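A note on names: the letters A, B, ... follow the listed sequences, proteins ahead of strands, and every chain is numbered from 1. Model, not experiment: these values are computed from the prediction.
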Amino acid sequence: MATIAVPLGAEIESHEAEAVQRPALSEYLRWSVDHKIIGVQYGVASFLFFIIGGAMAMLIRLELWTPDLDVMVSGAAYNSLFTMHGTVMIFLFIIPMWAAFGNFVVPLQLGAKDMAFPWLNAFAFWLIPPAAIVVLLGYFVTPAEAGWTSYPPLSTLFSGDGQTLWALGAHLLGISSIMGSINFIVTIFNMRPPQMTIWRMPLLCWAVLATSIIAVMATPFLAGALTLLLLDRVAGTTFFDAAGGGDVLLWQNIFWFYSHPAVYIMVLPGMGVLSEVLSVHSRKPVFGYRMVGLSSMGIAFVGFTVWAHHMFTSLQPELRIPFMITTMIIAVPTGIKMFSWLGTIWGGKIRFTSAMLFALGFMSMFVIGGITGVMLAALPFDIHVHDTYFVVSHFHFVLFGGSVFAIYAALYHWFPKVTGRMMNERLGRIHFAFTYFGFLFTFFPMHIVGMLGMPRRVAVYDEAFANWNQLISFSAFVLGFSTFIVIYNIIRSYYRGPVAGANPWRALTLEWATTSPPPVTNFTDDPIPFEDPYGYGTEASAAYLDAVEAAFDGNENRTILD
Amino acid sequence: MAELTANQLHAVAHDDHGHLSEEEQNDNLKLGVWLYLASEIVIFSIMIVGYILLRINEPDVVAHAHEELGVGLVTANTFVLLASSYFMVMGLRAMQQGNRAGMLRWIGATALGGTVFLIGQYIEYSELAHLGIVLGYSESQWSTLGMRFYAPTFFHGAHVFVGVVWALEVLRRGAKGRYDHNPIGIEMFGLYWHFVDVVWIMLFTLIYLV
Ligand code: HEM
Ligand SMILES: [Cu+2]
């Protein structure tokens, strides 16, 4: 007979589990070194930036409602609008948002009491507000107009002070991201209790590990490039100015050497979330656990070999084919994950919770974004659609259909752990429906206008695309509206949601083997992980889950204290 | 699956208050510094590649510069920096042997070495500026050399400066006995200082010798 390992903290705490104390809201506004507080700080701040970037997207779509220039005062104003939209979404929303879930969940899943460097953790977070102010301030001087990619000479000879602020702000955000990632790597390597072996680590931790390795190795490229860009802008150097003996392609090479790996910084954690959510909500073990963990590492390494697929039209022709090949190769580890997710839910007892719906949404959208990615990797096709709306569509399918859907899945999944209360499932489903269809009808038609030849980054376009663009803009407003539903749900559930208890989804990973929200030290003692983080459907796992429930939720009258 | 008792786990992982043990803390700090240095290598390598491209594309400019400029001062400077790395090692060893005064002396010498290096670099920069080699673009024969020379060397100099400040901080804490039982702070500084040294050897070889 197998003995069932019960989280050690549980036995001690079982008699005092009736009331759980939540941190006061004011604690979130202060310097704190508790990874759970910092996680929420990251989350709320990034969500605010999501709203700002989203409002800008609404303005973009308003401008594109008609083929003429009507909302913005000039083409230049439109340029700075999409530049800010892209910058805010990527540097201020997606990347820090993953630091939010990483911070809150990873130490708990590992069974650790905190991150390896709590002080550094707080410092990395508090770099973000000043950096954001610098970047956003740029919008009010002479704003950057060169897109989020900031190619010279647009970003050197033809941009104002806003571009300098843009570069400074991006620099600070990069430093913050490097510090955060060093912290994750050390935490994941060194802070696991002895029972948490590397092959028992939940897949979110694997994904955050791979992400952090990428961030530590790739972000300095951005830092280096930005340093040279700043020198060109303020110190009169000509690193990127061919007229002064510089090289414009140098920027493109360094920038994409960072930014292609960075797209995996933006989506790998989401893939980790997916493995968690799909497995828990369909009560099935993750299909091919080891391959999924390793494929994260594979993506991290191959991700460094594909950067020039962004430069097919500017690269030396003989280098194109090699980059086409590496780009197609990287689809393989991504495909492994896709099949793992399908295999995981296949034949499972699927519960269509909001988290599950968004996870399934991710699968359907990401596979489209993945396929258009391989299409774009095919050189002849890319030459045709380069810099058209096809590209805009592709990267929104992976960034919104991928990352943002995963962020929503993670939100519905871990909100009970963070706040101790459940989110409203009905509102969650409504939110999902609006997001899913709003998203699909915003971005799918962009493929078509793109193939028909509508260029990206223009405020004025040909009459022929007018109808498509009205459909796109209308759906974008629906998509924008969907955000209000989830904001309402968050606020309402925080105060009124049903008390969640320790483990509302009956999940096996360790973050659920403590109270919701967890105490300051996470666990009263070192917890013992179940032998398989995804071993659903066995008697042993049922016994473990019952033991967790008995330990934490034995009392019927659970309450949450604010 | 075996069941562990609370005491067993305690003994393995944590001291009585649930804090990290000193040894764990040291491991964390060291790994953290290594990762930080890995990311620094990348930034340096971008600037180094910028220089290498110049070397390949315009060998004349570099050859010309080598002819006109001596390497005496910078060679001396390199030896000072190398020596300071040695002082660093001796300082750490002294502390490990419980010799606080020795440690303070050696680390003091390290800081001094760094300072001398910076002064040397300042003298060199002013000589070069005199010859018309400047950071920004200029219509001189050196137009393409300046930025590619100053960016990596100045960036390196800034690291030496940070290292000197760090050494002074190590001295301040060391004097209070902070490292008597756990010299990890010195060790971390040492990793950084050796890194700065190694980068300099690369820059020196690349820019002044080949
Ligand atoms: C309501 C949702 C969104 C809408 C309607 C939207 C719409 C758009 C449109 C129309 C453009 C193209 C502008 C142009 O080329 O003229 C654009 C660009 C972009 N979007 Fe979005 N977007 C949304 C959400 C997001 C999200 C969530 C992300 C990333 C996480 C994102 C990242 C970007 C980036 C990086 C660009 C490129 C900016 C540039 O060209 O420099 N967007 N967006
Ligand atoms: Cu790419």
Side-chain angles (χ1 to χ4, degrees), chain A residues 2-6 8-9 11-12 113-114 116-117 120 178-179 181-183 185-187 189-195 212-213 215-221 223-225 227-228 231-232 235-239 241 243-247 250 254 257-258 521 523-528 530-531 540, chain B residues 1-14 17-20 23-50 53-54 57-58 61 134-139 142-148 150-152 154-155 158:
Chain A
T3 40
I4 305 305
V6 178
L8 290 175
E11 297 164 29
I12 300 162
K113 297 209 157 74
D114 204 322
F117 307 118
L120 187 71
I178 293 176
M179 293 197 298
S181 304
I182 289 179
N183 215 343
I185 297 177
V186 177
T187 304
F189 275 130
N190 286 2
M191 302 284 286
R192 282 174 284 122
Q195 298 292 297
S212 305
I213 292 174
V216 169
M217 292 320 295
T219 316
F221 284 93
T227 308
L228 302 188
L231 285 175
D232 269 15
T237 57
T238 51
F239 283 105
D241 182 0
D247 182 357
L250 183 66
I254 310 178
F257 200 78
Y258 157 72
T521 50
F523 306 94
T524 323
D525 218 319
D526 275 326
I528 298 184
F530 185 64
E531 55 198 357
Chain B
M1 194 182 140
E3 205 159 345
L4 287 187
T5 68
N7 286 336
Q8 265 172 305
L9 270 182
H10 257 182
V12 182
H14 297 292
H17 307 288
H19 293 304
L20 296 182
E23 199 179 328
E24 286 174 302
Q25 193 89 44
N26 290 356
D27 285 349
N28 287 354
L29 288 170
K30 263 187 264 178
L31 181 56
V33 172
W34 278 110
L35 290 167
Y36 156 70
L37 294 179
S39 72
E40 284 270 30
I41 289 177
V42 170
I43 304 188
F44 273 108
S45 64
I46 288 174
M47 298 185 179
I48 292 174
V49 167
L53 288 179
L54 175 79
N57 294 336
E58 298 175 51
V61 178
V134 291
L135 173 67
Y137 180 73
S138 67
E139 294 290 335
W142 311 110
S143 64
T144 50
L145 179 66
M147 58 183 180
R148 283 163 174 117
Y150 284 115
F154 181 80
F155 193 55

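At a 4.5 Å heavy-atom cutoff, Leu54(B) makes no contact with chain A through either its backbone or its side chain. Met191(A) touches chain B through its side chain: at least one heavy atom from C-beta onward sits under 4.5 Å away, while N, CA, C and O do not. Interface remark: Ala215(A) contributes no atoms to any contact with chain B (heavy atom separation under 4.5 Å).
Between chain A and the options Leu135(B), Ile41(B), Thr144(B), heavy-atom pairs under 4.5 Å are most frequent for Leu135(B).
Within the 4.5 Å cutoff, no side-chain heavy atoms of Met147(B) are placed close to those of Leu228(A). The shortest distance between side-chain heavy atoms of Glu24(B) and Asn190(A) does not fall below 4.5 Å. By the 4.5 Å heavy-atom criterion applied to side chains, Ile178(A) and Tyr36(B) are not counted as neighbours.
Among all heavy-atom pairs drawn from Pro220(A) and Ser39(B), the shortest one is CB-O, 3.2 Å. For Ile43(B) against Gly224(A), the heavy-atom pair with the smallest separation is CG2-CA, 4.1 Å. Across Leu231(A) and Ala151(B), no two heavy atoms sit closer than the pair CD1-CB, 4.4 Å.
Legend: residues meeting side-chain contact (heavy atoms from CB on, under 4.5 Å) with Tyr137(B), ordered by chain and number and at least two apart, are Thr238(A), Glu139(B), Ser143(B).
Test Thr187(A), Val186(A), Asn183(A) against Asn28(B) for side-chain contact (heavy atoms from CB on, under 4.5 Å) and you get one pass: Val186(A). Under the side-chain contact (heavy atoms from CB on, under 4.5 Å) rule, Phe189(A) has a single partner from Asp27(B), Leu35(B), Leu31(B), which is Leu31(B).
Expressed to the nearest 0.5 Å, how far CD1 of Ile46(B) lies from CZ of Phe257(A) amounts to 9.5 Å. In this structure, CG in Asn57(B) is found 8.5 Å from CG in Asp247(A), a value given to the nearest 0.5 Å.
Atom CZ of Phe154(B) sits in a sparse spot, with 12 or fewer heavy atoms from other residues, nucleotides or ligands closer than 6.0 Å.
Counting only residues at least two apart or in different chains, salt bridge (Lys or Arg N to Asp or Glu O under 4.0 Å) contacts with residues 30-49 of chain B comprise Lys30(B)-Glu187(B).
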